[in-house]
Novice: 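Okay, here's the structure, questions in a sec.
Both backbone and side-chain heavy atoms feed into the values below; hydrogens, waters and symmetry mates do not. Residue numbering restarts at 1 for every chain, and letters A, B, ... go by the order of the sequence lines.
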Amino acid sequence: MLIDWFTVGAQALNFLILVWLMKCFLYQPVLDAIDAREKKIAAELADADAKRAEAKKERDEFEHKNEEFDQHRAGLLTKATEQAKGEGDKLLGEARQAADTLGAKRQEALLREAKNLNQAITRRAQQEVFAIARKALADLASAKLEERMGELFTRRLRALDTDAKARLAGAVKARSEPVRVRSAFDLPEKQRAAIQQALNETLSADVPLRFETAPDLVSGIELTANGQKVAWSIADYLAALERYVGELLQEKAPPAPGAPAGPAPVAT
Amino acid sequence: MRLSPDEVIYWQQGFFKLNATIAFTWGLMLVLAVGAKLITRKLTVEHTRSRWQNLLEIVVTNITRQIEEVGLSNPRKYLGFLGTLFLFIAAASLCTVIPGYEPPTGSLSTTAALALCVLVAVPLFGIEDQGLGGYLKSYIKPTVVMLPFNLISEVSRTLALAVRLFGNMMSGAMIIAILLTITPFIFPVVMTLLGLLTGMVQAYIFSILAAVYIAAATRTREPKPEPAPST
């Protein structure tokens, strides 16, 4: 007999026991391990996805911030450039204004210096003219300058035209005080007498005179009576000379040949 | 010449006895259970794992996949029964390389026991899946006339399972024994290798057939999808 029924039963029981043993020791642990691993991998993948999403979000945020920063920087740069330009314009304007002021001051200083120089030249020229004239007269005619001046004044009085004589006579008559004769130097008695005589003859009257010394007349003699004046002075020559030197200084050019001669002595 | 290890009796007390079939079956059970326990003791869920764990995972997942391919939608439910069938028969065949070993599956008693287990398990799974009425109705499908044929089919396929496995395993052991007496060198080794292949194939066939029977019994009679109306 090939089949032993006790063995069949025992083997069936053995097989069922083996099924249980295998379930306990093999299938369940292995399947659990596989499930746990799959779960873990799924969790890791989900975690990786979440991290990727978070990284993307952070990257987007960073890029957004970067963009904002760039815009802000560009705005600040533009603003700073405009401010710098404005400041530069302002500084340039101030510098220009300062330069203009300085130029004006320099111009003014130059003018003042020219004026001072003119005055100095005038004074010097006056002194020199006197000295030259005095020396020339002394050398040529043994005559003193003052004497020549007195003679010249006397001659001018005599040479007055009719209208001038009439105005002078009117003025002398209307005066209440003696007619004043001012000179830059003390007139010698001889000169005074000659002037008194010439005036008396010219006006046909005895005119009282009072002689005064006035250094500001600059080597000259003048007679004043109630607004009328007869004078001879070197000041006119000097004024012409001063005008001429002034033109020279302004033009900074050599003087034209044939400088203008001094004006004729005036009688007003 | 003995045809079955049943004939080697170590101990007997009336109806009860301890023969070589039962003894070697216990040995196999011990090896399988202890081996599984040793390996699964240090299971890890990390990405790196031991080779033995890899081997067990490959075995288990492939059995699961095979069950699924047969048509059982919930393979883990049947893994215990079908997987153990395969592993037991495969282990019994593999151990034939050990000298003095008698495969328990070379005993008709063992194969009959396994076939009986299948015979009982198929209706149990079918009833669990479809209910008692649903399962019993499957015997009169498509008509009542088919009832005796279905019943004969149940019995005959169980018999076929038992005899097929027994015949293959017994013949393998028989051939090796005969060859050892004729040409003690070389040829028995070759036949042993062939026996290993045959044993693995038989293990596969046995468990796949059991899976097919269970699938046939548990397959829900789903209505076929209506074909889309052609215009």
Side-chain angles (χ1 to χ4, degrees), chain A residues 1-70, chain B residues 3-7 9 12 15-19 21-22 25-26 28-30 32-41 43-47 49 53 56-57 59-61 63-64 76 79-85 87-88 104-105 107-117 120 162 166 170:
Chain A
M1 184 65 181
L2 284 173
I3 292 183
D4 178 39
W5 289 107
F6 170 75
T7 309
V8 170
Q11 286 298 75
L13 186 64
N14 283 338
F15 176 71
L16 293 178
I17 292 170
L18 184 62
V19 168
W20 179 76
L21 286 173
M22 288 290 101
K23 261 191 177 177
C24 287
F25 295 140
L26 182 63
Y27 306 129
Q28 206 57 46
V30 170
L31 289 176
D32 285 348
I34 292 173
D35 288 346
R37 186 180 306 116
E38 283 180 353
K39 204 171 174 182
K40 189 180 175 190
I41 290 172
E44 284 176 356
L45 285 176
D47 189 43
D49 283 345
K51 278 183 180 167
R52 194 182 298 126
E54 192 181 353
K56 187 174 181 302
K57 187 182 163 193
E58 282 183 1
R59 192 190 65 188
D60 290 346
E61 194 177 344
F62 176 73
E63 282 179 353
H64 182 63
K65 278 185 181 173
N66 226 358
E67 200 174 331
E68 275 185 355
F69 175 72
D70 284 346
Chain B
L3 289 177
S4 168
D6 288 358
E7 296 168 15
I9 295 171
Q12 186 163 14
F15 184 65
F16 300 98
K17 62 183 98 172
L18 178 60
N19 52 31
T21 306
I22 296 173
T25 303
W26 285 354
L28 279 179
M29 285 167 66
L30 191 69
L32 285 174
V34 171
K37 177 65 183 169
L38 283 177
I39 295 172
T40 57
R41 192 181 50 183
L43 285 184
T44 172
V45 295
E46 299 301 323
H47 297 308
R49 46 199 182 269
Q53 185 179 347
L56 284 195
E57 287 187 5
V59 168
V60 172
T61 50
I63 292 172
T64 310
R76 290 195 179 187
L79 179 64
F81 183 71
L82 297 173
T84 310
L85 269 181
L87 286 179
F88 177 67
T105 45
S107 155
L108 189 60
S109 301
T110 305
T111 57
L114 295 178
L116 283 174
C117 285
V120 173
F166 164 70
M170 184 271 288

Novice: Can you check whether B:Thr110 reaches A:Phe15 side chain to side chain, under 4.5 Å on heavy atoms?
Specialist: no

Novice: How close do A:Phe6 and B:Phe16 get, heavy atom to heavy atom, and via which atoms?
Specialist: CE1-CD2, 3.3 Å

Novice: Does any heavy atom of chain A fall under 4.5 Å from the side chain of B:Glu46, the backbone, both, or neither of them?
Specialist: both

Novice: Working to the nearest 0.5 Å, report the span between NZ of A:Lys23 and CZ of B:Phe81.
Specialist: 11.0 Å

Novice: Between A:Ala10 and chain B, with a heavy-atom cut-off of 4.5 Å, which part of the residue counts as in contact: side chain, backbone, both or neither?
Specialist: side chain

Novice: Just by distance, do the side chain of A:Arg37 and the backbone of B:Thr44 share a donor-acceptor pair under 3.5 Å?
Specialist: yes

Novice: What part of B:Leu85 is in contact with chain A, defined as an atom under 4.5 angstrom from a non-hydrogen atom: side chain, backbone, both or neither?
Specialist: both

Novice: How close do B:Ala113 and A:Ala12 get, counting heavy atoms only, and between which atoms?
Specialist: CB-N, 3.6 Å

Novice: Count the heavy-atom pairs under 4.5 Å between each of A:Ile34, A:Asp32, A:Leu18, A:Leu26 and chain B, then report the option with the highest count.
Specialist: A:Leu18

Novice: Would you give the length of the straight line joining atom CG of B:Leu116 to atom CD of A:Gln11, rounded to the nearest 0.5 angstrom?
Specialist: 12.0 Å

Novice: Non-hydrogen atoms of chain A under 4.5 Å away: do they reach the side chain of B:Phe166, the backbone, both or neither?
Specialist: side chain

Novice: What heavy-atom pair brings A:Ala33 and B:Leu43 nearest, and what distance separates the two atoms?
Specialist: CB-CD1, 4.0 Å

Novice: Is there side-chain contact between B:Leu79 and A:Leu31, with at least one heavy-atom pair below 4.5 Å?
Specialist: yes

Novice: Can you name the one residue among B:Thr25, B:Asn19, B:Leu108, B:Ile9 that meets side-chain contact (heavy atoms from CB on, under 4.5 Å) with A:Thr7?
Specialist: B:Asn19

Novice: B:Ile22 versus chain A, heavy atoms under 4.5 Å apart: side chain, backbone, both or neither?
Specialist: both

Novice: Could you tell me which portion of B:Arg76 (side chain, backbone, both or neither) has an atom closer than 4.5 angstrom to a non-hydrogen atom of chain A?
Specialist: side chain

Novice: To the nearest 0.5 Å, what is the distance between CG on A:Leu21 and CE on B:Met29?
Specialist: 5.5 Å

Novice: Heavy-atom count around A:Lys40 NZ within 6.0 Å, excluding the residue itself: above 12?
Specialist: yes

Novice: Measure the shortest side-chain to side-chain distance between B:Leu87 and A:Tyr27 over non-hydrogen atoms and say whether it is less than 4.5 angstrom.
Specialist: yes

